[in-house]
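Have a look at the structure below, then the notes.
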2 protein chains.
Amino acid sequence: MSDGKAISTHETRQRIVKAGTELFRRSGYTGTGMKQIAEAAGAPFGSIYHFFPGGKAQLGEEVIRTSGAVYLGLVTALTAPYEDRVAATADAFAAAAGTLAELDFADPCPIATVAMEVASTNEALRQATSEVFDSWIEYLAAYYAQGGVPESAARETAGSVIALLEGAFMLGRAARSTEPVRAAGTAAAAIVRAALAGQ
Amino acid sequence: MSDGKAISTHETRQRIVKAGTELFRRSGYTGTGMKQIAEAAGAPFGSIYHFFPGGKAQLGEEVIRTSGAVYLGLVTALTAPYEDRVAATADAFAAAAGTLAELDFADPCPIATVAMEVASTNEALRQATSEVFDSWIEYLAAYYAQGGVPESAARETAGSVIALLEGAFMLGRAARSTEPVRAAGTAAAAIVRAALAGQ
DNA sequence: GTCTATATCTTGATAGAC
DNA sequence: GTCTATCAAGATATAGAC
């Protein structure tokens, strides 16, 4: 994305990326096989290596960056309409709780499980997840700053809200309950409120 | 633990559990091989199946429950001395940031990566992680309640603080930075402060 | 109980026919 | 470009000598 390189829109290729995204968020990176991805995509096994000569690592990186951009769009669409940053944050968490249940407790965040797996084992993929997280934090920081949070505190506030959401997804998946995400919504509102008050 | 069943204190067995704990927190459950664990434990491969006839799943479950109990002890020791719950929370996050760096950004939480991997793929292990998270939340909830947080809000507050910590570990590992954890400390203090004020 | 060798399966990846 | 067959290496797990 960052270098503006054109990405093929070939339909088979797109199905492979989509299948990879869905499987990675449920079974993780090491827990998902290339054959499994090919089957889920309805594509012959060889096609994966035709479109991704770099193999699993290349596919993994593209899944991370693509779904990261999609997710940024979702967060933007969900929060942008609100003038009240506290209400926007609380409602976003409520929506996230709904998504968690709809996915039958697969991870609503498409890169979280992979991020944990690769953080200490694959430098290229670790960097990709880091850049995606950063893009979300930067958007939210600007959003909060525009809403009245002091510039110096905006990034810390945004990072904490993202962390709270990711952690709540983790607890909610483990417990197969939306309760941790709903509770986190209350806490997120408190974080934003405190930041707006300048502590 | 919960059923009081005696656990062997055989030294080889202990080394296997310890090696599994260290490898799982860096490479995850599916990303770690049994041979790798045996080698790291300095134990012959066959010993793993001698002590864990249930194979990888049995070892995984014991690692989760054992390290969960150890971690509960750490959290207790870290927070119990404080009268001021806000200060206790802030200092615990500061300590966690230090641990993250000391581990060279392996996960300070020994079960988080595994929890994400197994949530949708292994029901027995998912339940084990859920019970461990719950034990932490229950301790913290009682701790906050005793410090003046209304009973009705104590569990939500505790869950949110744990979620915030876990999410901050995730972002910190991805970025190879302690900054997300330090920022989360400020936010966690705000959450506890708001709960003490009854919102 | 310790340790080695091996069975069986699955993985990521490649070669080559069509 | 599509698809199949196959590779070498890894996995989990087992058998059995000592």
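Since we're looking at a predicted model, the values are computed, not measured. Here is the naming used below: chain letters follow the sequence lines, and residue numbers restart at 1 for every chain.
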Counterpart residues, side-chain hydrogen bond (donor to acceptor under 3.5 Å, both in side chains), relative to [X] (two or more places apart):
| X | answer |
| --- | --- |
| A/Asn122 | none |
| A/Glu138 | A/Arg155 |
| B/Ser135 | none |
| A/Thr178 | A/Arg182 |

### Task
Could you identify which residues of residues 30-49 of chain B place a heavy atom less than 4.0 Å from some atom of DNA chain D, listed by residue number, or say none?
B/Thr32, B/Gly33, B/Met34, B/Lys35, B/Phe45, B/Tyr49
Name all residues meeting the ring pair (Phe, Tyr, Trp, His ring centres under 6.0 Å) criterion together with [X]; count only those two or more places apart in sequence or in a different chain, and write none if there are none.
| X | value |
| --- | --- |
| B/Tyr144 | none |
| B/Tyr71 | B/Trp136 |
| A/Phe45 | A/Tyr49 |

### For DNA chain C, the residues among residues 19-27 of chain B that have a non-hydrogen atom under 4.0 Å from it
none
### Message
Do the side chains of A/Lys35 and A/Glu39 get close enough for a salt bridge, i.e. N-O under 4.0 angstrom?
### Response
no
### Query
Between which nucleotides of DNA chain C, read 5' to 3', does contact with chain A run, using atoms under 4.0 Å from its heavy atoms?
C/dT11 to C/dT14
Please list every donor-acceptor pair under 3.5 Å in which a side-chain atom of residues 98-116 of chain A meets a protein atom from a residue at least two apart or in another chain.
| from | atom 1 | to | atom 2 | distance (Å) |
| --- | --- | --- | --- | --- |
| A/Thr99 | OG1 | A/Ala95 | O | 3.2 |
| A/Asp104 | OD1 | A/Arg176 | NH2 | 2.7 |
| A/Asp107 | OD1 | A/Cys109 | N | 2.8 |
| A/Thr113 | OG1 | A/Arg173 | NH1 | 3.3 |

#### Entry: Pairing residues for B/Glu123 by the salt bridge (charged side-chain N to carboxylate O under 4.0 Å, His left out) criterion, not counting sequence neighbours
B/Arg126
